[in-house]
Undergrad: 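Please see the structure below; I have some questions.
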Amino acid sequence: MGLLILVVVGALLGWLATIILRIEDGRSILANALVGVLGSLVTGLIAGNGAVLGTVSGVALLWAVLGSVVAIGVFNLIRQRAYN
């Protein structure tokens with residue numbers, strides 16, 4: 001159940017990042033969702049002491065949210081520099 005929660009949180013944050021950053025490209029929405037999921041899973045795994053298949057603690061979920069936001073920010077920064 002914890003794994004599902006981290007995936008959903010990461011995907012939602014990736015989608016919200018496209019809205020906040022006003023990215024209109026359809027591929028960017030999917031890329032941001034995948035980066036959000038990746039950041040959420042990695043950070044949730046580290047904060048939850050490797051136990052994401054069971055339940056996720058509130059602290060691990062908060063760290064997962066932070067990790068997802070940071071991953072999306074870094075991804076978009078790198079992508080913008082590549083286009084310029």
Side-chain angles (χ1 to χ4, degrees):
M1 185 65 160
L3 181 63
L4 180 66
I5 291 171
L6 291 176
V7 169
V8 170
V9 166
L12 285 174
L13 288 173
W15 174 68
L16 288 174
T18 60
I19 293 171
I20 292 169
L21 297 172
R22 295 185 179 124
I23 299 171
E24 299 295 328
D25 186 16
R27 291 175 292 181
S28 296
I29 294 170
L30 181 60
N32 278 338
L34 291 176
V35 170
V37 168
L38 181 66
S40 177
L41 285 175
V42 169
T43 312
L45 183 66
I46 292 169
N49 295 326
V52 293
L53 295 178
T55 60
V56 176
S57 68
V59 173
L61 188 60
L62 289 175
W63 277 108
V65 168
L66 180 65
S68 181
V69 170
V70 168
I72 291 166
V74 169
F75 174 72
N76 283 313
L77 182 68
I78 291 170
R79 191 175 64 201
Q80 283 179 350
R81 288 190 181 188
Y83 287 138
N84 292 330

Undergrad: Got a second to check how far L6's CG is from L38's CG, nearest 0.5 Å?
TA: 12.0 Å

Undergrad: Is there a path of hydrophobic side-chain contacts, each under 4.5 Å between heavy atoms of I, L, V, M, F, W or Y residues, that connects V42 with V59?
TA: no

Undergrad: Check G36 against S68 and note the closest heavy-atom contact, atom names and distance.
TA: O-OG, 3.0 Å

Undergrad: With a 4.5 Å cut-off on side-chain heavy atoms, are N32 and R79 touching?
TA: yes

Undergrad: Quick one: closest heavy-atom pair of A71 and G39, and the distance?
TA: CB-CA, 4.0 Å

Undergrad: Answer with yes or no whether the hydrophobic clustering places V9 together with W63; edges join I, L, V, M, F, W, Y residues whose side-chain heavy atoms lie under 4.5 Å apart.
TA: no

Undergrad: Applying the side chain to side chain contact (heavy atoms under 4.5 Å, CB included) test to N76, which of I78, I72, V74 qualifies?
TA: I72

Undergrad: Looking only at non-hydrogen atoms, find the nearest pair between V37 and V7 and report the distance.
TA: CG2-O, 3.4 Å

Undergrad: Would a 4.5 Å heavy-atom cut-off, applied to side chains only, mark L66 and L62 as touching?
TA: no

